[in-house]
Amino acid sequence: MKILVTDQSGAEHELEGLDGWRIMEVIRDWGLNVKAECGGAASCATCHVYVDEAWLGKLTPPSHEEEDLLYTAPDRQSNSRLSCQILLSDDLDGLKVTLAQSAAKDSEAA
């Protein structure tokens, strides 16, 4: 299945992922600019993405823990999510996300 990821410079990447994988794992493994410091343990906000508005309703709502972590992101928006908390499934084939600047490897934020 595919996800469409816009990086911090505005370039769009079509990435292949496997059912059950975390979106963060797909983005990281394809070498895009994402810190993902905790490796998916939901203990940081360094895999912060903006989910395309058309896809928000297809995602499970964020947990309280995810909301708390997103609150620490300096560039949080209403469509912010942690990519480690989104699992690929057939329903999400074609999901569109944009990497937040605070998730960049060279970012001092988050």
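Numbering of residues begins at 1 and proceeds along the displayed sequence.
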Do Val49 and Val34 belong together in a cluster built from hydrophobic side chains that touch within less than 4.5 Å?
yes
Tell me if a side-chain donor or acceptor on Ser83 pairs with a main-chain N or O of Cys47 at a distance below 3.5 Å.
yes
Nearest-0.5 Å distance, CD of residue Glu12 to OG1 of residue Thr98
8.0 Å
Which pair of heavy atoms, one from Trp55 and one from Asp91, lies closest together, and at what distance?
CZ3-O, 3.5 Å
Which side-chain N or O atoms in residues 1-9 pair as donor and acceptor under 3.5 Å with protein atoms at least two apart or in another chain?
from: Lys2; atom 1: NZ; to: Glu16; atom 2: OE2; distance (Å): 2.4
from: Asp7; atom 1: OD1; to: Ser9; atom 2: N; distance (Å): 2.9
from: Asp7; atom 1: OD1; to: Ser9; atom 2: OG; distance (Å): 2.7
from: Asp7; atom 1: OD1; to: Gly10; atom 2: N; distance (Å): 3.1
from: Asp7; atom 1: OD1; to: Ala11; atom 2: N; distance (Å): 3.0
from: Asp7; atom 1: OD2; to: His13; atom 2: NE2; distance (Å): 2.8
from: Gln8; atom 1: NE2; to: Asn33; atom 2: O; distance (Å): 3.0
from: Gln8; atom 1: NE2; to: Ala100; atom 2: O; distance (Å): 3.1

Between Asp75 and Tyr50, the two heavy atoms sitting closest are O-OH, 2.6 Å
Is there a path of hydrophobic side-chain contacts, each under 4.5 Å between heavy atoms of I, L, V, M, F, W or Y residues, that connects Trp21 with Ile27?
yes
Within this structure, what is the CG-CG distance for the pair Leu95 and Leu59, rounded to the nearest 0.5 Å?
6.0 Å
Measure the spacing between NZ of Lys58 and OG of Ser89 and express it to the nearest 0.5 Å.
10.0 Å
Transitively linked via ILVMFWY side-chain contacts under 4.5 Å: Leu92 with Leu15?
yes
Which atom of Gly40 lies closest to which atom of Cys84, heavy atoms considered:
CA-CB, 3.6 Å
For the student: nearest non-hydrogen atoms of Ala42 and Gln85, plus distance
CB-NE2, 3.3 Å
Candidate pair Leu87 and Arg22, rule side chain to side chain contact (heavy atoms under 4.5 Å, CB included), full reasoning
CA-CA 4 Å; Leu87 299 180; Arg22 299 173 187 279; 3.6 Å; yes
Give me the atom names and distance for the closest heavy-atom approach of Glu37 to Thr46.
N-OG1, 2.9 Å
Within the 4.5 Å heavy-atom criterion, are Ile23 and Leu88 side-chain neighbours or not?
yes
Kindly give the cluster partners of Leu69, where membership spreads through any ILVMFWY side chain lying under 4.5 Å from a current member.
Leu70, Leu82
Partner of Ser80 under side-chain hydrogen bond (donor to acceptor under 3.5 Å, both in side chains), chosen from His48, Glu67, Glu66:
His48
Do the side chains of Tyr71 and Ile86 join up, straight or via other hydrophobic residues, at under 4.5 Å, putting them in one cluster?
no
